[in-house]
Amino acid sequence: MTEIMNRFRPEEMAVEDLFFHKNLQSALKIGHARGAVLIAAVQNKVKIFEYSPLEIKKSVWDTVAPQRSRSDP
């Protein structure tokens, strides 16, 4: 991650808040990956913004829905 951040030099990033998962193995893997990304971001002084899964879905839908309604007959 640090190598990627050094190459592209992001100033900020958005990540999804953690949520409880039924599958413990999956939750651990997601947590490890998320931790690695967050550490790389902090080391590269990237601003981190966290959003809930619902906020992300709503944001994406609010962006896509108007485009879909324009293209629908």
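The first residue of the sequence shown is numbered 1, and numbering continues consecutively from there.
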So which pairs with a foot in residues 39-50 pass salt bridge (Lys or Arg N to Asp or Glu O under 4.0 Å), sequence neighbours left out?
R34-E50
For S59, what residues pass the side chain to side chain donor-acceptor pair (under 3.5 Å) criterion, not counting sequence neighbours?
none
Please tabulate, one pair per line, all N/O donor-acceptor pairs under 3.5 Å involving side-chain atoms of residues 10-17, not counting sequence neighbours.
none

Looking at CG of N44 and OG1 of T2, how far apart are the two atoms once the value is rounded to the nearest 0.5 Å?
5.0 Å
Under 4.5 Å between side-chain heavy atoms, hopping through other hydrophobics if needed: is there a path connecting I48 to V37?
yes
Can you sort out the partners of K58 under side chain to side chain donor-acceptor pair (under 3.5 Å), two or more places apart, ordered by chain and number?
D62
Can you name the side chain to side chain donor-acceptor pair (under 3.5 Å) partners of E55, sequence neighbours left out?
S52
How long is the straight-line distance from CG of L24 back to NZ of K29, given to the nearest 0.5 Å?
10.5 Å
Hphob cluster co-occupancy, V46 + F49, side-chain heavy atoms under 4.5 angstrom:
no
Hydrophobic cluster membership, V42 vs L38, 4.5 Å side-chain cutoff:
yes
